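Report on the structure given below.
Every value quoted in this text rests on a predicted model; they were computed, and no experiment measured them.
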Amino acid sequence: MSGSSMGRRPTMRDVARAAGVSQSLVSIVFRGAPGAGAQTRDRVLAAARELGYVRDESARSLRASQSTSIGVCFQTRQPFHHVLLDGMYAHTAGTNHPLVLSAVSDARDEATAIRGLLAYRCGALVLLGPRGDEQSLAAMAGDTPVVVVGRRVDDRSIDWVTSDDGLGMDQAVTHLRTLGHRRVLYLSCSRAAGGPDRLQAFHDAAAANGISRSVTVADGEMTEQRGARAAERLLAGSIVPTAVIAFNDRVALGLMEVLIRRGVAVPKDISVVGFDDSEIAQRDPVLMTSVHQDAESLARIAVERASQRIHPSSPPTDPHGTLVPTHLVVRSTTGEAPRR
């Protein structure tokens, strides 16, 4: 019997009756707690699906002495955040850590999005690429555990996990230098959460490769439109670089589209390197050389840290921060430096 045919929203009691078990056993199954065998668990979940039963997480949180839900603040305009969300859903499936989402958009700022999660009484917050200052994040962490993804945080009351931009950027610059490139332009994004770290990584890699005096930095932001504008500025300049590293794959794609439209061959005239190794970079015919970020590991570690903060009896080995390795994936947008 479905929920609609019952004329009301099915309850846990309805599931128990349909599965032929007690209501307390149904609660054990949905909480993921020990005490229910595999066959019983399957029977309860099948009955719930048949009835169309959906747990009322807000009511459950209000009843519980401590919420086990994980609130996630993300940005609607960041495709990489969507990939991270997919990973977080995969790693919370079958656990008692339901995800509660709150988005940052053009019409909704970060503070409002985070307040929404706090109002829901989430057990812990995972903030994807937050732009707020550390002081406000630390104040928030005083009451609710916070895990920051995509940015290092000095305050030790906050956990963080981010990609090792230094490793990936060093591989990218070294790859270009090996191909003979010295005039390398980096399209940075100062307002992104990891923007300053990635910029510093570029300068460190340029110094390590002995090309600091010939590299340049310009604003590229985070979108295809900004990448296109950067390409127009680049082509209008008196000295055109032989290679460009973009803050992310979206900027690199916007740059490439203008270059090709203006008759500049990639990589014959200008080599291009993206960052993220997203679906954009892997798409044919783009096949972009890009620094790969391990989204699966970032998502898994974020979930683990949030869970460990909700259940402090099992503290993490490193209670503060984790760097996830990156690596360069070489495709068809980089080649030998042209002779100019």
| Test side chain to side chain donor-acceptor pair (under 3.5 Å) applied to T112 and R115, step by step | CA-CA 5 Å; T112 301; R115 282 197 298 269; 3.2 Å; yes

| Beyond-backbone contact of R182 with L176, side-chain heavy atoms, under 4.5 angstrom | no

| field | Inter-residue atom distance S214.OG - R183.CZ, 0.5 Å rounding | value | 8.5 Å

| E279/R283 under salt bridge (Lys or Arg N to Asp or Glu O under 4.0 Å): CA gap, chis, key distance, verdict | CA-CA 6 Å; E279 184 272 336; R283 185 189 306 161; 2.9 Å; yes

| field | Ionic contact status for R331 with D284, cut-off 4.0 Å | value | no

| task | Kindly determine whether Y120 and S69 satisfy side chain to side chain contact (heavy atoms under 4.5 Å, CB included), including the steps that lead there. | result | CA-CA 9 Å; Y120 193 88; S69 62; 4.1 Å; yes

| said: Can a donor-acceptor pair be found, under 3.5 Å and without considering hydrogens, that links the side chain of S297 to the backbone of D294? | reply: no

| query | According to a 4.5 Å side-chain heavy-atom criterion applied to Ile, Leu, Val, Met, Phe, Trp and Tyr, with indirect links allowed, do V217 and F275 form part of one hydrophobic cluster? | reply | yes

| task | Evaluate whether atom CZ of R43 has more than 12 neighbouring non-hydrogen atoms of other residues, nucleotides or ligands under 6.0 angstrom away. | result | yes

| query | Got a donor-acceptor contact below 3.5 angstrom from the H320 side chain to the V153 backbone? | reply | yes

| Side-chain donor-acceptor contact under 3.5 Å, T144 with R309 | no

| Test item: side-chain donor near acceptor, H175 and T334, under 3.5 Å | yes

| request: With rounding to the nearest 0.5 Å, note down the distance linking CG in L234 to OG1 in T216. | output: 8.0 Å

| query | So D154 and E134, side chain to side chain contact (heavy atoms under 4.5 Å, CB included) or not? Walk me through it. | reply | CA-CA 8 Å; D154 291 331; E134 283 196 26; 3.7 Å; yes

| So do the side chains of I114 and L125 get within less than 4.5 Å of each other, counting heavy atoms only? | yes

| query | V291 and side chain to side chain contact (heavy atoms under 4.5 Å, CB included): which partner among T326, V329, D170? | reply | T326

| task | Flag yes if M222 and M288 sit in one hydrophobic cluster, no otherwise; membership is Ile, Leu, Val, Met, Phe, Trp, Tyr, and two members link when side-chain heavy atoms are under 4.5 Å apart. | result | no

| query | Would you say the side-chain atoms of T174 pair up with the backbone N or O of Q171, donor to acceptor, closer than 3.5 Å? | reply | no

| task | For the pair F202 and Y186, name the ring-plane relationship: parallel under 30°, tilted 30 to 60°, perpendicular over 60°. | result | parallel

| query | Hey, quick one: are V272 and F247 part of the same hydrophobic cluster, counting side-chain heavy atoms closer than 4.5 Å, chains of contacts allowed? | reply | no

| said: Checking the side chain of R108 only, and the main-chain atoms of A103 only, is there a donor and an acceptor separated by less than 3.5 Å? | reply: yes

| Verdict with reasoning, V100 to I70, per side chain to side chain contact (heavy atoms under 4.5 Å, CB included) | CA-CA 6 Å; V100 180; I70 298 175; over 6 Å; no

| request: Go through H181 and T242 one step at a time and tell me if the side chain to side chain donor-acceptor pair (under 3.5 Å) criterion holds. | output: CA-CA 6 Å; H181 295 276; T242 63; 2.7 Å; yes

| Thinking salt bridges, do D197 and R151 make one under a 4.0 Å N-O criterion? | no

| Can any side-chain N or O of Q225 pair as donor or acceptor with the backbone N or O of G254 at less than 3.5 Å? | no

| Under 3.5 Å: donor-acceptor pair, side chain of S22, backbone of L25 | yes

| query | Quick check: are there more than 12 heavy atoms from other residues, nucleotides or ligands sitting under 6.0 Å from CD of E336? | reply | no

| Shared hydrophobic cluster for V330 and V286 (ILVMFWY, side-chain gaps under 4.5 Å) | no

| message | Check this for me: R13, atom CZ, are more than 12 non-hydrogen atoms of other residues, nucleotides or ligands nearer than 6.0 Å? | response | no

| remark: Minimal heavy-atom distance between V44 and V15, with the atoms involved, is O-CG1, 3.8 Å

| query | Counting N and O atoms only, with roles assigned by atom type, does the side chain of S290 sit under 3.5 Å from a partner on the main chain of D277, one being a donor and the other an acceptor? | reply | yes

| query | Is E221 salt-bridged to R229, cutoff N-O under 4.0 Å? | reply | no

| field | Contact check, side chains of L128 and Q78, non-hydrogen atoms, under 4.5 Å | value | no

| said: Set out, in order, the CA-CA distance, both residues' side-chain angles and the distance that settles side chain to side chain contact (heavy atoms under 4.5 Å, CB included) for Y89 and V303, then state yes or no. | reply: CA-CA 9 Å; Y89 273 115; V303 168; over 6 Å; no

| task | Verify, without hydrogens or angle tests, whether H327 (side chain) and G168 (backbone) share a donor-acceptor contact under 3.5 angstrom. | result | no

| query | Quick one: do R226 and D219 make a salt bridge, cutoff under 4.0 Å? | reply | no

| said: Applying side chain to side chain donor-acceptor pair (under 3.5 Å) to S157 and D155, what does each step give before you reach the verdict? | reply: CA-CA 6 Å; S157 66; D155 192 294; 2.4 Å; yes

| Is there side-chain contact between V173 and I245, with at least one heavy-atom pair below 4.5 Å? | yes

| query | Is the side chain of S163 donor-acceptor paired with the backbone N or O of Q293 at a distance under 3.5 Å, no angle test? | reply | no

| said: Regarding E304 and R300, does a basic nitrogen lie under 4.0 Å from an acidic carboxylate oxygen? | reply: yes

| query | Does the H82 side chain pair with the main chain of T76, one donor and one acceptor, at a distance under 3.5 Å? | reply | yes

| request: Examine the side chains of R131 and Q75 and answer whether a donor and an acceptor come within less than 3.5 Å of each other. | output: yes

| field | Single-linkage hydrophobic cluster L255~V264, side-chain heavy atoms < 4.5 angstrom | value | yes

| field | Pair R250-D276, salt bridge (Lys or Arg N to Asp or Glu O under 4.0 Å): steps then yes or no | value | CA-CA 9 Å; R250 295 180 65 191; D276 289 344; over 6 Å; no

| Taking the side chain as C-beta and beyond, is there a heavy-atom pair between R77 and D106 under 4.5 Å? | yes

| remark: When rounded to the nearest 0.5 Å, the distance separating CD1 of I280 from CG of D249 is 6.0 Å

| From L99 atom CG to L85 atom CG, the distance as rounded to the nearest 0.5 Å | 7.5 Å

| To the nearest 0.5 Å, how far apart are OG1 in T333 and CG in L287? | 8.5 Å

| note | CZ of R233 to CG of L185, rounded to nearest 0.5 Å, is 9.0 Å

